[in-house]
Amino acid sequence: MAKDVETAEASAGEFSAKDYHDPPPAPLIDFEELTKWSFYRALIAEFIATLLFLYVTVLTVIGYKVQTDPAKNLVDPDCGGVGILGIAWAFGGMIFILVYCTAGISGGHINPAVTFGLFLGRKVSLIRAIMYMVAQCLGAICGCGLVKAFQKHYYNHYGGGANTLADGFNKGTGLGAEIIGTFVLVYTVFSATDPKRNARDSHVPVLAPLPIGFAVFMVHLATIPITGTGINPARSFGAAVIYNQDKAWDDQWIFWVGPFIGAAIAAFYHQYILRAAAIKALGSFRSNA
C-alpha cells in the first residue's frame, strides 16, 4: 500500500499542480478588434438577443397586467394570469435561451452590468465593453418599440414594462435591491464560466446558461415587488425610452448605479478574493511540500 502511495506521489509530481488554464487578460484598449468581422458579428448578436429578450419579457409583463385588470375581468381572480412566478420564469427562461444561443458568438452578455463586470475582470477590452453596451441599449429600445407597435394601447395603459420604484419603498431600498440582485447575477456568471470549475468539475455536466438563467429567475422573485427588477440597465433604459413617462425617468438612475455597483462588487469578490485565495493556497501547498 505504501508503495502504491509513493508511486502515485511520484506520478503526480510529473504533472503541473494547475490542471486548468486561465485565458490571458484582455487588453484595456484593442483597436485591432475594430478590423475583425467577428467583432461586428458579436455586436449584432448582442443587439438581436437583447431585442428578443425585451420583446418577450415586456409582452409577458403587459399581458399579466391586462389579465389581472379588474375592469377587464379576463381571468378568474383566483388564477391571476401568469403571476409573479410566470414573469420571473419569462425573464430567467429567456436569458437561458439567449445565452445558450449567443455564448459562442459574443459571450452572451445581453446586459451592460454583466459586460461591465467582465470588463473589470479583464475578460473583455474597453472598446468591446462600450460597443456591447451600445448594442444592448439599442436592442432594448427596439424590442420595446416592437411591443408598443403591436399593442400600443395596452403598452401605454399598463406602464410599458418600465422599471419604477414601488410605492412604500424608498430609493435606498430600491438601490440596495438592485445592487444585491446584480451581484447574484454577475457572481453566477463568473462562477459558471470559471475555467477552474470546468477543469475540476469536468465530470459534472454543468451547462453555463442554466445557472445564469436560474439566477435571473430567483432575483426576479425577490425584487419584482420592490423595483420590478432591473439588474439590467439596458432593459430599464429601453423600456423608459419607449414608455417615456416622468416616473420611469425619475427612478432611472437606480437601475444604472445599482447594477454597476453590484457588478463591480461581484467582479472584485470572484477575481480578487476567491481566485486569489486559491492561488495563495496553492503557493502554501507547494512550500509545505
Side-chain angles (χ1 to χ4, degrees), residues 47 49-75 80-84 86-88 90-91 94-95 110-113 133-182 185 216 219-262:
F47 172 82
T50 314
L51 183 155
L52 295 174
F53 176 62
L54 266 293
Y55 175 74
V56 172
T57 55
V58 170
L59 268 180
T60 303
V61 172
I62 293 175
Y64 165 68
K65 290 184 177 181
V66 171
Q67 289 176 321
T68 55
D69 186 349
K72 298 285 185 183
N73 196 28
L74 296 178
V75 296
V82 297
I84 290 179
I87 293 173
F91 279 88
M94 280 303 292
I95 287 296
I110 322 173
N111 185 336
M133 291 180 192
V134 171
Q136 291 156 0
C137 288
L138 291 176
I141 292 171
C142 292
C144 291
L146 283 178
V147 177
K148 185 173 182 178
F150 293 152
Q151 298 188 7
K152 185 175 182 178
H153 172 71
Y154 287 157
Y155 186 90
N156 292 327
H157 186 69
Y158 293 104
N163 286 125
T164 57
L165 188 63
D167 295 335
F169 296 97
N170 59 44
K171 294 186 183 298
T173 301
L175 182 63
E178 289 297 307
I179 291 173
I180 296 173
T182 311
L185 170 59
V216 172
V219 171
H220 273 76
L221 286 181
T223 59
I224 282 177
I226 304 173
T227 62
T229 309
I231 68 171
N232 183 335
R235 175 259 186 274
S236 303
F237 180 71
V241 168
I242 301 301
Y243 185 53
N244 197 28
Q245 297 294 321
D246 290 342
K247 177 61 173 173
W249 287 119
D250 290 343
D251 297 338
Q252 183 67 198
W253 69 272
I254 294 174
F255 303 103
W256 285 87
V257 176
F260 273 37
I261 292 176

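The OG1 atom of Thr227 sits 8.0 Å away from atom CD1 of Ile254, with the distance rounded to the nearest 0.5 Å. Here the CG-CG distance, from Leu165 to Asp250, works out to 11.0 Å after rounding to the nearest 0.5 Å. For the atom pair CG (Asn244) and CH2 (Trp249), the distance works out to 6.5 Å, reported to the nearest 0.5 Å. Here the OG1-CG distance, from Thr57 to Leu52, works out to 10.0 Å after rounding to the nearest 0.5 Å. Atom OG1 of Thr50 is separated from atom CD1 of Ile110 by 6.0 Å, given to the nearest 0.5 angstrom. The line from CZ of Phe169 to CD1 of Ile226 is 5.0 Å long, rounded to the nearest 0.5 Å.
Ser236 is linked by a side-chain hydrogen bond (donor to acceptor under 3.5 Å, both in side chains) to Asn163, counting only residues two or more places apart in sequence or in another chain. For Val61, the side-chain contact (heavy atoms from CB on, under 4.5 Å) criterion is met by Lys65, Ile87, Phe91, not counting sequence neighbours. The side-chain hydrogen bond (donor to acceptor under 3.5 Å, both in side chains) test applied to Gln151 returns no partner, not counting sequence neighbours.
When every heavy atom of Gly86 is checked against every heavy atom of Thr60, the shortest pair comes out as O-CG2, 4.4 Å. The minimum heavy-atom distance between Pro112 and Met133, with the atom names listed, is O-CE, 3.6 Å. The shortest heavy-atom contact between Leu51 and Cys142 is CD1-CB, 3.6 Å. Residue Pro225 comes nearest to Ile84 through the heavy atom pair CG-CD1, 4.5 Å, listed as atom of the first residue, atom of the second, then distance. Minimum heavy-atom separation, Gly230 to Phe255: CA-CD2, 4.0 Å.
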Show your working on side chain to side chain contact (heavy atoms under 4.5 Å, CB included) between Leu175 and Trp253 and close with a plain yes or no. CA-CA 9 Å; Leu175 182 63; Trp253 69 272; 4.2 Å; yes
With side chain to side chain contact (heavy atoms under 4.5 Å, CB included) as the test, would you mind laying out the steps for Val147 and Ile242 before giving the verdict? CA-CA 10 Å; Val147 177; Ile242 301 301; over 6 Å; no
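Side-chain contact check for Asn111 versus Ile95: every heavy-atom pair is 4.5 Å or farther apart. No side-chain heavy atom of Cys144 sits under 4.5 Å from any side-chain heavy atom of Tyr243.
Residue pairs meeting the side chain to side chain donor-acceptor pair (under 3.5 Å) criterion with at least one partner in residues 137-149, sequence neighbours excluded, are absent. Residue pairs meeting the salt bridge (charged side-chain N to carboxylate O under 4.0 Å, His left out) criterion with at least one member in residues 169-178, sequence neighbours excluded: Lys171-Asp251.
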Sequence neighbours excluded and cut-off under 3.5 Å, please list the side-chain donor-acceptor pairs for residues 155-162, or say none.
from, atom 1, to, atom 2, distance (Å)
Tyr155, OH, Gly160, O, 3.3
Asn156, ND2, Lys152, O, 3.3
Tyr158, OH, Asp69, OD2, 2.5

